[in-house]
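To keep things clear, I will list the structure first and then write my remarks on it.
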There are 2 protein chains.
Amino acid sequence: MPAERVTLATIAEAAGVSVPTVSRVLNGDGNVAKATRLRIEALLDEHGYRPRTVRASSAGMVHVIYPRIDTAWQLEHIRGMEAVMQEAGVGLVVSALNHGTAGRNDLLRRAQAGQATGAILAAASGDTPLAPVLDQLNVPVITLDPGAKAPARLPSIGAANWQGARAATEHLLALGHRRVAMITGSKGGLLCSRARLDGYRAALEDAGVPEDPSLIRHGEFEFEAGITAAKQLIDHPNPPTAIFACSDLIALGVYEAARQRGVSIPADLSVVGFDDLPAARWASPALTTVRQPLEEMGRLAARTVLTMAGRRSLPSPRMELSTRLIVRSSTAPPPRPRRG
Amino acid sequence: MPAERVTLATIAEAAGVSVPTVSRVLNGDGNVAKATRLRIEALLDEHGYRPRTVRASSAGMVHVIYPRIDTAWQLEHIRGMEAVMQEAGVGLVVSALNHGTAGRNDLLRRAQAGQATGAILAAASGDTPLAPVLDQLNVPVITLDPGAKAPARLPSIGAANWQGARAATEHLLALGHRRVAMITGSKGGLLCSRARLDGYRAALEDAGVPEDPSLIRHGEFEFEAGITAAKQLIDHPNPPTAIFACSDLIALGVYEAARQRGVSIPADLSVVGFDDLPAARWASPALTTVRQPLEEMGRLAARTVLTMAGRRSLPSPRMELSTRLIVRSSTAPPPRPRRG
DNA sequence: CTGAAAGCGCTTACAG
DNA sequence: CTGAAAGCGCTTACAG
């Protein structure tokens, strides 16, 4: 026997009051006798009352959409976004595309239902299946740290990748290194990877150190890719004395390769990473790395979406937060050259 | 000039059609001439139409609430929960209490508004300010990996902490270690810490190895606490040959202490962690650890809440997923004792 | 394919 | 403090 739908009328009848009175209790209207209120509250609970509809305004939700939920820095983003959303009384809905269209359809449905206040496409590659349908949404959408060329009309928030990579390379050059290798995150596409490679090159050029293409390795943003690339570099006939890795994860792969090859960090080999994940602090020795203000990027993304949702104008459609070199214990002057 | 509220009537008038027709377009009813539909869609967009209310059913949201968003394993939880929620067409709202009551109030408001399908209290300590108000909610609430004694009437999902700690200790004993130290996560309260300590003791007892209280150190679940405790153990007049750390983070602290003291892992000192965070794989040497099925715990938590929301009954109010020892490269037989 | 009419669940003045 | 009445925004048959 599937019970009748429980509406305000059900409760009103059970309580022997009118529908408006029940409505007042639900809405926290003070003008209800305490005894009445208590009785109605008990009945609402007992009948398991659930409103049929919800005011769209109180349903404020911002969706953050990742390709996958799989990397540590996402938690930093989320912490920043959550803090801002909580202050604004808006919920943060986390979802993943997972190669499918389910996430997209879900977002679309919710947006049409007035449920989404806005959306943040994070770490989105250019071919995100979301792009073609964005225009249908009547809610603000921005990109956060877009991996590839994002739809140009979307506001975006990123980090100063070029500047950070340059600072990292300059740090190594200042220590006296002349054979500085780089391991990138991906050969082609990714914007951040390109910018970091260019920053590395700029620093070399400024220092008058000729670029050696054999010291540039292209991997993925993965631990294993770091191991592979670092082994190749260590086995190089004229090996580098320092490696700038395009991410902390790759840098940790370099650590492992060095351990397996009996190479000591930083005595034999200096290593710099990129991101400043918590894991960078936990490495032995602690990793010198370029800090991306991931939490702050999340906060800014959240604020930006809320600003747009309030139909206020943005200071700029493209915001880039600065990066900062954090010197820890994985970098040192190069070893004295062995006698030939 | 604050524009009039945009309602279906606004759009209907602008399009020269009736309100029901606009409603049909919004609801994806196929019985609308294409030309009409396109015209109405354009007008909806142009006027920035947003529904005033939302069907509560389509607003399905499950809230996961953490004390703070700050540890890597939360992302594993979230990945599992998100996958299940997406399949169910329910949104996952992530929030943090941050010592305040804002998160609680927010949840309450949404629950009353019919917006929360359920809630997952994750890693909650016993004194969560949420507990006193849980009864007011007409939605299912469960705890995930409760840190301390959670309100007993709430269903809970956890991991087999005792069993995992026992397996870790047995592994070290089987390698030949007799001086096996333990670094716990917290002196008192936390349930998981207590269970892990008891598992360690059980294994020692079974092997007939007497417990040495000076080999048990109480810290926090922090990297720094691991360093401090490990240094004390290494400096012990009769130091341990193996350390079982109550979390991977503590274990990484042990790595750093060992590096600073010139102690080699695993040649001089074996280390086992607990959690199997991604960072355990990235450690050098890769960390032997007890794997908690964090993602699977998230999935189960999500399924459990949805089951309860569907008013179906639970197989059991308390579910514990098994843990598994993952042997990597940080454990080996103890060094041969030095000649006195 | 579309609209006039009825209806739904809830809220908002207004009156007492 | 409470209810009868009107109203709101939207949806649901029903008729053509």
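The chains referred to below are lettered A, B, ... by the order of the sequence lines, with proteins before strands, and numbering in each begins at 1.
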5'-most contact on DNA chain C: A:Val22 or B:Thr36, nearest heavy atom basis? B:Thr36

Strictly below 4.0 Å, N to O, side chains only: are A:Arg79 and A:Glu76 in salt-bridge contact? yes

To the nearest Å, how far apart are [X] [atom1] and [N] [atom2]?
X	N	atom1	atom2	result
A:Asn31	D:dC1	CG	C1'	7 Å
B:Lys34	C:dC1	NZ	P	11 Å
A:Arg39	D:dT2	CZ	P	8 Å
A:Leu26	C:dT11	CG	P	7 Å
B:Arg24	C:dC1	CZ	C1'	8 Å
B:Ile40	D:dC10	CD1	P	14 Å
B:Ile11	D:dC10	CD1	C1'	14 Å
A:Asp29	D:dT2	CG	P	11 Å

As a test of reading the structure: which of [options] is closest to the side chain of [X], going by heavy atoms?
X	options	answer
A:Ala33	C:dT2, D:dC1, D:dG3	D:dC1
B:Thr21	D:dA5, D:dT12, C:dT2	C:dT2
B:Val32	C:dT2, D:dT11, D:dT2	C:dT2
A:Tyr49	C:dT2, C:dC10, D:dG3	C:dC10
B:Pro20	D:dC1, C:dA4, C:dT2	C:dA4

Passing candidate, side-chain contact (heavy atoms from CB on, under 4.5 Å) with A:Arg303, options A:Leu300, A:Val305, A:Leu306: A:Leu300

Please determine, for D:dC1, whether a Watson-Crick or G-U wobble partner exists with both distances under 3.5 Å, and give it or none. C:dG16

It should be established whether B:Ser23 places a side-chain nitrogen or oxygen under 4.0 Å from OP1 or OP2 of nucleotide D:dG9. no

I'd like to know if the side chain of A:Thr117 reaches the main chain of A:Met61, judged simply by a donor and an acceptor atom lying under 3.5 Å from each other, with no hydrogens or angles considered. yes

Does B:Ala159 offer a backbone N or O that forms a donor-acceptor pair with the side chain of B:Gln292 under 3.5 Å? no

Is any side-chain heavy atom of B:Leu277 closer than 4.5 Å to a side-chain heavy atom of B:Leu294? yes

Within the structure shown, what part of the strands sits under 4.0 Å from A:Val19 by heavy-atom distance: base, sugar-phosphate, or nothing? base

Within the 4.0 Å heavy-atom criterion, would you say B:Thr7 contacts the bases, only the backbone, or no part of the nucleic acid? sugar-phosphate

